[in-house]
Amino acid sequence: MTTRLAPPVFGEPYLLTPGPLTTSRQTKEAMLRDWGSWDDDFKAVTAEVRRKLLAMAGITDDSYLCVPMQGSGSFAVEAALSTAIPKDGKALILMNGAYGKRAAQMVDYLGRAHIDLDKGDYLPPQPDEVDKLLSDNPGITTVFLVHCETSSGILNPLKAIAEVVKRHNKIFLVDSMSAFGALPITAEDIGFDLLVSSANKCVEGIPGFGFVIVRKDLLQASKGRAHSLALDLYEQWVYMEKTGQWRFTPPTHAVVAFREALKQHEAEGGVDGRLKRYSDNRDRLVAGMRKMGFKTLLDEQWLSPIITTFFSPAHKNFEFGRFYNELKQRQFIIYPGKLTLAESFRVGCIGQIDVPVIDELLAAIAETLDVMGVDDCTPAPL
Ligand SMILES: *Cc1c(COP(=O)(O)O)cnc(C)c1O
């Protein structure tokens, strides 16, 4: 049985995208007030949010810390990379999409050494490949992996890779941006050293900040490592510990909205509850799309409950721009594809959407195909 979520504010489309995404009415309403960034009330909100994020990662002692960072998720990834790679260190960047590529670009900006394992658009990096690279390159200090690579929707083999990285005793940085809060990842189970995520993904807050969950001894040892004043995670932490405040202007409204979103996350049953709703969304979406003749990029085992890539139909009447606009008129915003090898588009399963919304979406897609005169959704052969 599914309970219908409250619809978004009247006239608003559903965002079937991997963030910003559709937020609840309560989350939006939490922003109808201004906050002094130095005031005790706001400091308490920051402290509560940091505490709850640690709990979400299964952390019960003070071996890890949560340091929020202003900006979009990439700002926090960049801050984490500069914390995780010593100045004379070397990173192994595991990439199979846009976010792995971006991390390598960031490391170039940092002026630090890196080796890349590039698997192209959608193939998962394999544990034995990582094992071999680490054996052959003893200078590697740090391994970077994207948990769910949002550019294809693939769920990477996190646990198996984590085991290899830990066996080699390297620093392990996980970009769990689009997964944390919906896919279980705990310090105990995965043994990550740093985990990065942001406010506007599976916790369903609004954009404005990211956060890094980091092993305390590693953060303490990283003083002076940052390449950037504003993105210095160590200094952000030191200042926050001392004053309870963010070092520079915090996105106050985003933080209070996030606290509200965290309450709803708890009420839904935490990570398990969220995973269940998103998985139900994905199952209904994939089944409904396949019934219409669409094909998914990925095989079953790699499909995440976060976002799904579908190949565009090869039919002569199919044109993505028109498809997008027809769906937008029907109050659904979808996402263009990011593949180099084929035309595709993506549909997100995250945010304040549930199975009844997916059913409405499927009906809107069927109607749109009809309007466009597309009667066959088979993709072009690869
Ligand atoms: C969203 C996302 C990011 C950060 O992107 P921003 O646009 O900077 O918020 C990083 N990695 C992954 C896997 C993501 O999904």
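Here the structure is a predicted model, which means the values were calculated and not measured. For ligands, and for the atoms within them, numbers begin at 1 and follow the listed sequence.
Between D175 and ligand 1, an N or O atom pair is found at a separation short of 3.5 Å. When only interatomic distances are considered, the shortest N/O to N/O separation between S72 and ligand 1 falls below 3.5 Å. Taking distance alone, with nitrogen or oxygen atoms compared against 3.5 Å, K201 approaches ligand 1 more closely than that limit. An N or O contact shorter than 3.5 Å links S74 to ligand 1 by distance. Of the polar atoms of G73, at least one N or O is found under 3.5 Å from an N or O of ligand 1, judged by distance alone.
No hydrogens or angles considered: a donor-acceptor pair under 3.5 Å links the side chains of Q264 and S24.
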If you apply the rule ring-ring contact (aromatic ring centres under 6.0 Å, His included), what do you find for F345 with F323, and how did you get there? CA-CA 10 Å; F345 61 91; F323 185 63; 5.1 Å; yes
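The S178 neighbourhood of ligand 1 comprises atoms 15 (O), with distances under 4.0 Å to a heavy atom of that residue. Close approach to V146 involves these atoms of ligand 1, each under 4.0 Å from a residue heavy atom: 13 (C). Those atoms of ligand 1 that come under 4.0 Å of a heavy atom in C148, given as number and element, are 13 (C). Under a 4.0 Å criterion applied to the non-hydrogen atoms of T150, ligand 1 contributes the atoms 12 (C), 13 (C), 14 (C), 15 (O).
For the pair K201 and Y278, the cation-pi criterion (under 6.0 Å, within 45° of the ring axis) is not fulfilled.
Atom CG of N169 has 12 or fewer neighbouring heavy atoms from other residues, nucleotides or ligands inside a 6.0 Å radius.
Not a single donor-acceptor pair under 3.5 Å links the side chain of T17 to the backbone N or O of L21.
Just one residue in the list Y239, F211, W38, F209 forms a ring pair (Phe, Tyr, Trp, His ring centres under 6.0 Å) with W246, and that residue is F209.
Comment: K276 does not engage E268 in a salt bridge, judged by the lack of any side-chain N to carboxylate O separation of less than 4.0 angstrom.
With atom 7 (O) of ligand 1 as the reference point, the heavy atom nearest to it among M177, E78, R102 is part of R102.
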